[in-house]
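In each ligand, atom 1 is the first atom listed, and ligand 1 is the first ligand listed. Computed over heavy atoms, backbone and side chain alike; hydrogens, waters and symmetry mates excluded. Here the structure is a predicted model, which is why all the values come from computation and not from measurement.
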Amino acid sequence: MTIADSVSTQCGHAPSAAHPLRALLNAPEMTFIMEAHDGMSARIASSAGFSALWASGLSMSTALGLRDSDEATWTQLLDVVAHMSHATDVPILVDGDTGYGNFNTARRFADKARRVGAAGICLEDKQFPKMNSFVGDAHQLADVRDHVGKLRACRDVVGDDLVLVARTEALIVGAGMAEALDRAEAYREAGADALFIHSRRSAVDEIAEFVDKWDGRLPVVIAPTTYAATTPTERFREMGISSVIWANHSMRAALHAVQAACRQIHAKESVTDIGVELAPLSAIFELFDYDELEETERALSL
Ligand code: SPV
Ligand code: MG
């Protein structure tokens with residue numbers, strides 16, 4: 001019997017609400033959480049008004065030039081999160097993929113995530129190494145007891161300091177609604193703060209069915225990537241969703257813009273009249289408050 005097998009599924013943990021991300025997840029208003037993948041995208045998203053960020057495994061891997069299939073190590077990813085948390089004050093929910101192995105790697109990840117400034121982590125119930133949920137059909141669910149063990153081990157280490165979001169991939173692998181609900185309940189009993197239900201359907205129907213049957217037992221988080229055409233997004237509010245993650249949209253905006261600029265600059269051997277708008281340098285200086293350096297220098301009489 002593994003340690004994960006031996007733990008009880010009844011946790012009885014009642015985390016305090018006095019945590020910025022936990023408060024957002026439990027608030028009656030729905031929150032939109034924006035993806036970021038480095039210090040600049042974190043600063044841009046928070047400056048645009050987002051009150052929480054998603055440190056996306058897909059986008060951070062992409063920024064590192066790697067694939068979202070556990071090619072980046074968890075320490076590499078948390079180095080990126082450290083840059084993000086230095087660049088912004090808003091809470092960051094970190095995509096922890098599967099927890100990188102077993103209960104022990106998961107709790108080591110949770111502990112380090114907290115230390116680099118993350119507000120929460122999200123752990124999904126697939127097997128390591130995982131593949132991005134939108135690629136291929138060879139996705140394998142983890143044993144539910146192992147995932148429960150990871151969540152409980154994380155809670156033991158981080159207490160209430162870090163929000164734990166449990167993500168089930170039951171609908172992604174086609175395991176059915178009953179399996180998704182059973183797993184969600186097991187993760188709730190293991191002490192999760194919120195439940196991330198993922199779908200790759202183009203319509204919101206299975207998410208809506210899940211939320212209806214789940215009946216508010218924990219706040220529900222979604223990432224409408226394939227069903228992004230669900231408009232108006234007021235529909236999510238009516239369903240009682242807690243938080244909507246725009247999971248990859250900053251990276252996709254950047255990829256599109258940078259690709260277009262590079263292609264044009266290469267083709268025209270010039271940076272003028274390329275038909276692509278470039279940010280002025282002043283936008284960089286403003287984003288990172290270069291004025292503050294001069295002001296502080298003056299204040300210090302240097
Ligand atoms: C990510 O952003 O890395 C996610 C969300 O896990 S998704 O790519 O939609 O699976
Ligand atoms: Mg991910």
Can an N or O of [X] be found at a distance shorter than 3.5 Å from an N or O of ligand 1?
X	answer
Ser59	no
Ala223	no
Phe196	no
Ser56	yes
Trp54	yes

If I take atom CD1 from residue Ile197 and atom CD1 from residue Ile241, how far apart are they, to the nearest 0.5 angstrom? 9.5 Å
Can you see which heavy atom on Asp70 is nearest to which on Lys130, and at what distance? OD2-N, 2.7 Å
Ignoring hydrogens, just give me the one of His198, Arg167, Arg200 whose non-hydrogen atom is nearest atom 4 (C) of ligand 1. Arg167
My understanding is that we take every heavy atom of each candidate and find the minimum distance to atom 3 (O) of ligand 1. Doing that for Asp95, Thr62, Ile172, which one comes out nearest? Asp95
Looking only at heavy atoms, is any part of Asn248 under 4.0 Å from ligand 1, and if so is it the side chain, the backbone, or both, or is it neither? neither
Would you mind running through ligand 1 and noting each atom that sits below 4.0 Å from a heavy atom of Ser133? 10 (O)
Of all N, O or S atoms in Asp95, which has the smallest distance to the Mg ion (ligand 2)? OD2
Quick check: do Ser133 and Arg167 have side-chain heavy atoms less than 4.5 Å from each other? yes
Over 60° means perpendicular and under 30° means parallel, so tell me whether [X] and [Y] are parallel, tilted or perpendicular.
X	Y	answer
Tyr100	Phe128	perpendicular
Tyr290	Phe285	tilted
Phe210	Trp214	parallel

Of all the non-hydrogen atoms in the protein, which one sits nearest to atom 8 (O) of ligand 1, and at what distance? Asn132 ND2, 3.0 Å
Strictly under 2.8 Å, is the Mg ion (ligand 2) approached by any N, O or S atom of Asp68? no
For Met239, does the CE atom have more than 12 heavy-atom neighbours from other residues, nucleotides or ligands under 6.0 Å away? yes
Do the charged groups of Glu295 and Arg298 touch, with an N to O distance under 4.0 Å? no
